[in-house]
Each structure stands twice: as structure tokens, then as C-alpha cells.
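Sequence positions, counted from 1, serve as the residue numbers for this chain. Bear in mind that the values here come from a model prediction, so they are computed numbers and not experimental data.
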Amino acid sequence: MSADPVDALPEIHDFDFLFGRWTVIHRRLKARGVGGQDWDTFPATAYCEPRLGGLVNVDEIDCPARGWTGMSLRTLDVGTREWSVYWINSLNGQLQPPVRGRFNADGCALEGPDSDGDRRIIARYVWSDITGDSARWTQAFSYDDGATWETNWVMDFTRAAA
């Protein structure tokens, strides 16, 4: 029997840093797309684990201070070697359109079309400042086809004690 071809993909390990338990500090703009600077800050916990030998990973974020939970599903396309990230939360139960992208020396940037209320946007997720015990995730929206970006959500991850 031959080895699984995904074992040969270095990208299969891109999200290994995220596996395990985390404490998360969220900073989220109270009003998006209006040039606001008023941020809401709240705590959360998160847990991430691999599936299908790392080809997929899932995480769940629990935000009791805001009364919701959310889940990300990340999949690696073997053919393009590109990650897709899907999001769903307990507030509406709707699977959001995916963002897609790759890792580079600075982290990972993923983008895709979405909507913010009734406005069409491009969403961008960026993973940066990745260490063994911490990472940062940011979300930005472009309301003008990528000409400008507004960062509207920042999550700082710190590895939880075992």
C-alpha cells in the first residue's frame, strides 16, 4: 500500500501551531464600515484539533461574555495547496462563504467575497505573530473592491495552561 499523498504536502502542517487550548482576547469594532474607532474588548476560550491527517482542522471559540460560540472549518485543497476557511456561529447558524489563501514567511492571508449586512465586501483574515504560545488573527473588510481595508476584529491567542 502506498503512502497517503497528503503526507508529502508541507502545507499540511501550516495550522499545527493552532492545535490545542487557548485563551483569547477579542477586540471588535462596535460599528464597521463607518470609520469608527470605538472597540469592544472581551475574553473567550478556543480549542483546535486536526482531522483527516491535518488536511482539515476545526476550532470552536466560546464567548460567554457575548453569549455566542463559533466554529471554523479549515480545509487544504491538495491540488492548489490553498487553505479555505469557513465560519459559522451560534447566533445565526449560517455557514459563511470561505476565504482562501496561503502561508508565507509573515503568516497567512486569506481573502474572499462576503457581505456585511446588505453591503458586498471582500473579507480578509490574517494570521500573524505566530509563536509556540501565541498568535494573532485579524479580520479586515474592504467596501471598495480592495482599494482600502478596515480592520474590524483582532483576536490575540495565548496558549492555555495544560
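- Here Ile122 sits in one hydrophobic cluster together with Trp149; the rule is ILVMFWY side chains under 4.5 Å apart, joined directly or through other members.
- Of the possible donor and acceptor atoms, one in the side chain of Arg159 sits under 3.5 Å from a partner among the backbone N and O of Gly132.
- For residues 94-113, the set of pairs meeting the ring pair (Phe, Tyr, Trp, His ring centres under 6.0 Å) definition, not counting sequence neighbours, comprises Phe15-Phe103.
- Here the shortest heavy-atom pairing between Ala65 and Pro43 reads CB-CD, 4.1 Å.
- Under the 4.5 Å side-chain heavy-atom criterion for grouping Ile, Leu, Val, Met, Phe, Trp and Tyr, Val56 is connected to Ile61 within one hydrophobic cluster.
- Here Asp144 pairs with Ser142, Thr148 under the side-chain hydrogen bond (donor to acceptor under 3.5 Å, both in side chains) rule; sequence neighbours left out.
- Phe157 and Val154 end up in different hydrophobic clusters when Ile, Leu, Val, Met, Phe, Trp and Tyr side chains are linked at under 4.5 Å.
- Taking Ile, Leu, Val, Met, Phe, Trp and Tyr as members and joining any whose side-chain heavy atoms lie under 4.5 Å apart, directly or through other members, the hydrophobic cluster of Ile121 also contains Phe141, Tyr143.
- Under the rule for a salt bridge (charged side-chain N to carboxylate O under 4.0 Å, His left out), the partners of Arg74 that lie at least two apart in sequence or sit in another chain are Asp59.
- Looking only at distances, a side-chain donor or acceptor of Gln96 sits under 3.5 Å from a matching main-chain atom of Gln94.
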For residues 20-28, run the donor-acceptor check on the side chains, cut-off 3.5 Å, and write out each pair with its distance to 0.1 Å, sequence neighbours left out.
unit_1, atom_1, unit_2, atom_2, d
Trp22, NE1, Leu18, O, 2.8
Thr23, OG1, Thr158, O, 3.2
His26, ND1, Trp153, NE1, 2.9

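- Checked by atom type and distance alone, the side chain of Glu150 pairs as donor or acceptor with a backbone atom of Gly33 at under 3.5 Å.
- Taking each heavy atom of Trp83 and Gly54 in turn, the nearest pair found is CH2-O, 3.6 Å.
- Nearest heavy-atom pair across Cys48 and Asn57 is SG-OD1, 3.8 Å.
- Within 6.0 Å of the CG atom in Asn104, the count of heavy atoms belonging to other residues, nucleotides or ligands exceeds 12.
- Just one of Lys30, Arg32, Gln139 meets the side-chain hydrogen bond (donor to acceptor under 3.5 Å, both in side chains) condition when paired with Asn152; it is Gln139.
- Cluster annotation: Trp137 and Trp39 are assigned to distinct hydrophobic clusters (Ile/Leu/Val/Met/Phe/Trp/Tyr, side-chain heavy-atom contacts under 4.5 Å, transitive).
- Smallest separation of non-hydrogen atoms from Gly93 and Ile88: O-CD1, 3.4 Å.
- For Thr138, there are no side-chain hydrogen bond (donor to acceptor under 3.5 Å, both in side chains) partners at least two apart in sequence or on another chain.
- By the criterion of side-chain heavy atoms lying less than 4.5 angstrom apart, applied directly or through intervening Ile, Leu, Val, Met, Phe, Trp or Tyr residues, Leu91 is not grouped with Leu29; the two fall into different hydrophobic clusters.
- The residues Arg66 and Asp40 are annotated as salt-bridged, a charged nitrogen and a carboxylate oxygen being separated by less than 4.0 angstrom.
- Within the structure, side-chain hydrogen bond (donor to acceptor under 3.5 Å, both in side chains) contacts touching residues 120-129 (residues at least two apart or in different chains) are Glu111-Arg124.
- Atoms CG and CE, on Leu95 and Met71 in that order, are 11.0 Å from each other to the nearest 0.5 Å.
- By the rule that hydrophobic residues join a cluster once side-chain heavy atoms approach within less than 4.5 Å of another member, Tyr47 and Val58 end up as members of separate clusters.
- Judged as a side-chain hydrogen bond (donor to acceptor under 3.5 Å, both in side chains), and not counting sequence neighbours, Glu60 has no contacts.
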task: With side chain to side chain contact (heavy atoms under 4.5 Å, CB included) as the test, would you mind laying out the steps for Val99 and Trp87 before giving the verdict?
output: CA-CA 9 Å; Val99 292; Trp87 171 254; over 6 Å; no
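- Cluster partners of Val34, using a side-chain heavy-atom cutoff of under 4.5 Å among ILVMFWY residues and allowing indirect links: none.
- Taking the side-chain hydrogen bond (donor to acceptor under 3.5 Å, both in side chains) definition, one finds that Thr41 meets it with nothing, sequence neighbours left out.
- The structure places CZ of Arg119 at 13.0 Å from CG of Asp114, a figure rounded to the nearest 0.5 Å.
- Separating the CD1 atom in Ile12 from the CG atom in Leu52 is a distance of 8.5 Å, to the nearest 0.5 Å.
- The hydrophobic cluster containing Phe19, built from Ile/Leu/Val/Met/Phe/Trp/Tyr side-chain heavy atoms closer than 4.5 Å, comprises no other residue.
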